[in-house]
Trainee: 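Here's a structure for you.
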Amino acid sequence: MILDPMHEALIEARAAAARGEIPVGAVVLGPDGRILARAGNRTEADNDPTAHAEILALRAAAASRKSPRLPGCDLVVTLEPCPMCAHAISLFRIRRLIFGAYDPKGGGVDHGPRIFESSSCHHRPEIVGGVRETEAATVLRDFFQTKRQ
């Protein structure tokens with residue numbers, strides 16, 4: 001069992017930043033609390049605007065379990081998921097979503113379209129936001145400050 005899965009997600013976010021990607025990291029925990037998959041953003045490297053950390057980690061976890069759904073699994077991500085990722089989380093049937101920094105501009109959970117509150121959403125995970133929020137936000141802020149210099 002991982003004692004601090006957000007720490008692991010932050011490692012992925014920092015690795016993404018080192019590759020020049022927007023620093024978002026995600027880990028999927030199995031029902032036993034062990035990491036099934038981990039990823040950082042790869043939109044630039046893959047030339048794929050859908051290669052968000054959440055999507056990549058969810059796909060890898062589903063492949064490892066040989067199932068299109070991940071009941072009993074948790075997703076830990078450093079940033080509030082965007083609407084695309086929030087909908088994917090619903091489709092994968094994630095039990096619990098844990099995220100770090102809130103995203104008032106691009107978020108889809110507590111901000112924007114609030115995907116899990118939509119009548120078209122078939123599954124709503126338990127949501128825990130703001131976990132290590134300051135640290136997660138700092139990783140993002142530092143990345144963008146460096147880009148602007």
Side-chain angles (χ1 to χ4, degrees), residues 1-65 69-116 123-149:
M1 178 186 266
I2 301 299
L3 296 178
D4 185 0
M6 185 58 77
H7 174 76
E8 300 301 315
L10 285 161
I11 289 171
E12 292 298 322
R14 289 184 180 103
R19 296 189 307 269
E21 302 279 357
I22 293 175
V24 177
V27 297
V28 177
L29 304 174
D32 62 359
R34 294 176 196 247
I35 293 179
L36 293 176
R38 57 192 312 143
N41 274 356
R42 288 199 323 250
T43 58
E44 300 298 325
D46 292 1
N47 297 308
D48 179 357
T50 69
H52 290 196
E54 301 95 310
I55 300 290
L56 298 171
L58 289 166
R59 286 177 180 163
S64 75
R65 293 189 78 190
R69 285 166 290 287
L70 299 168
C73 295
D74 300 338
L75 175 67
V76 180
V77 62
T78 58
L79 181 65
E80 176 184 348
C82 72
M84 174 187 70
C85 291
H87 193 72
I89 290 163
S90 175
L91 293 173
F92 277 99
R93 304 297 194 263
I94 288 295
R95 172 181 60 186
R96 182 179 303 118
L97 165 64
I98 301 157
F99 67 87
Y102 289 86
D103 188 356
K105 182 178 177 185
V109 177
D110 279 352
H111 296 89
R114 300 176 188 242
I115 296 298
F116 301 127
H123 172 78
R124 184 183 197 279
E126 177 186 336
I127 301 166
V128 180
V131 175
R132 294 180 73 169
E133 178 180 6
T134 301
E135 186 176 0
T138 299
V139 171
L140 284 156
R141 187 173 40 258
D142 291 351
F143 174 80
F144 286 112
Q145 282 179 344
T146 300
K147 288 285 185 190
R148 290 183 191 108
Q149 293 176 353

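Note: hydrogens, waters and symmetry copies are ignored here, and every other heavy atom, side chains too, is used. Along the sequence shown, the residues carry numbers beginning at 1.
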Trainee: Which heavy atom of P23 sits nearest to which heavy atom of A13, and what is that distance?
Mentor: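 Answer, listing the atom of P23 first, then A13: CB-O, 3.2 Å.
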Trainee: Looking at R38 and E8, is there a salt bridge between them, counting it only when a charged N and a carboxylate O are closer than 4.0 Å?
Mentor: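 Judged by the 4.0 Å cut-off on N to carboxylate O distance, E8 and R38 do form a salt bridge.
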Trainee: Given side chains that start at C-beta, do those of V28 and D74 come closer than 4.5 Å, heavy atoms only?
Mentor: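 Not touching, per the 4.5 Å side-chain cut-off.
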Trainee: What heavy-atom pair brings A51 and L56 nearest, and what distance separates the two atoms?
Mentor: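 The answer is O-CD1, 3.5 Å.
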Trainee: State the CD-CD1 distance between E12 and I35, to the nearest 0.5 angstrom.
Mentor: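 Rounded to the nearest 0.5 Å, the CD-CD1 separation comes out at 8.0 Å.
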Trainee: Answer yes or no: is there a side-chain heavy-atom contact under 4.5 Å between R93 and C73?
Mentor: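 Sidechains of C73 and R93: no contact.
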Trainee: Counting distance only, does the side-chain N/O of T78 pair as donor-acceptor with the main-chain N or O of G25 below 3.5 Å?
Mentor: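 Yes, because the side chain of T78 sits within donor-acceptor range (under 3.5 Å) of the backbone of G25.
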Trainee: Counting N and O atoms only, with roles assigned by atom type, does the side chain of E80 sit under 3.5 Å from a partner on the main chain of D110, one being a donor and the other an acceptor?
Mentor: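 Yes.
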Trainee: Which heavy atom of P31 sits nearest to which heavy atom of P71, and what is that distance?
Mentor: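 For P31 versus P71, the nearest heavy atoms are CG-O, 4.3 Å.
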Trainee: Salt bridge check, R14 against E135: does any charged N sit closer than 4.0 Å to a carboxylate O?
Mentor: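 A salt bridge is present here (some side-chain N lies under 4.0 Å from a carboxylate O).
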Trainee: Does any donor atom in the side chain of T43 or N41 lie under 3.5 Å from an acceptor atom in the other side chain?
Mentor: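 No, no side-chain donor-acceptor contact under 3.5 Å.
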Trainee: Are H52 and M84 side-chain neighbours, meaning at least one heavy-atom pair lies under 4.5 Å?
Mentor: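 Contact flag for H52/M84 side chains = yes.
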Trainee: Grab the two heavy atoms, one from A39 and one from A57, that are nearest each other, plus how far apart they are.
Mentor: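 Between these two residues, the closest heavy atoms are CB-N, 3.8 Å.
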Trainee: Distance-only, no hydrogens or angles: does the D32 side chain make a donor-acceptor pair with backbone N or O of R34 under 3.5 Å?
Mentor: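 It does hold such a pair.
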Trainee: State whether the side chain of H123 and the backbone N or O of I94 hold a donor-acceptor pair below 3.5 Å, judged by distance alone.
Mentor: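 Yes; judged by distance alone, with no hydrogens or angles, the pair exists.
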Trainee: What pair of heavy atoms forms the shortest contact from G106 to P83, and how long is it?
Mentor: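 Taking G106 first and P83 second, the nearest heavy atoms are O-CD, 3.4 Å.
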Trainee: Against L29, only a single residue in V76, L75, L36, L70 fulfils side-chain contact (heavy atoms from CB on, under 4.5 Å); can you say which?
Mentor: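 With L29 as partner, V76, L75, L36, L70 yield a single side-chain contact (heavy atoms from CB on, under 4.5 Å), made by V76.
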Trainee: Taking the side chain as everything from C-beta on, heavy atoms only, tell me whether D142 gets closer than 4.5 Å to V139.
Mentor: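 The answer is no, as the side chains (C-beta and beyond) never meet within the 4.5 Å cut-off.
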Trainee: In Å and rounded to the nearest 0.5 Å, what is the NE2 to OH distance from H111 to Y102?
Mentor: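 Answer rounded to 0.5 Å: 8.0 Å.
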Trainee: Closest heavy-atom contact between F99 and I127?
Mentor: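 Looking at all heavy atoms of both residues, the closest pair is CE2-CG2, 3.8 Å.
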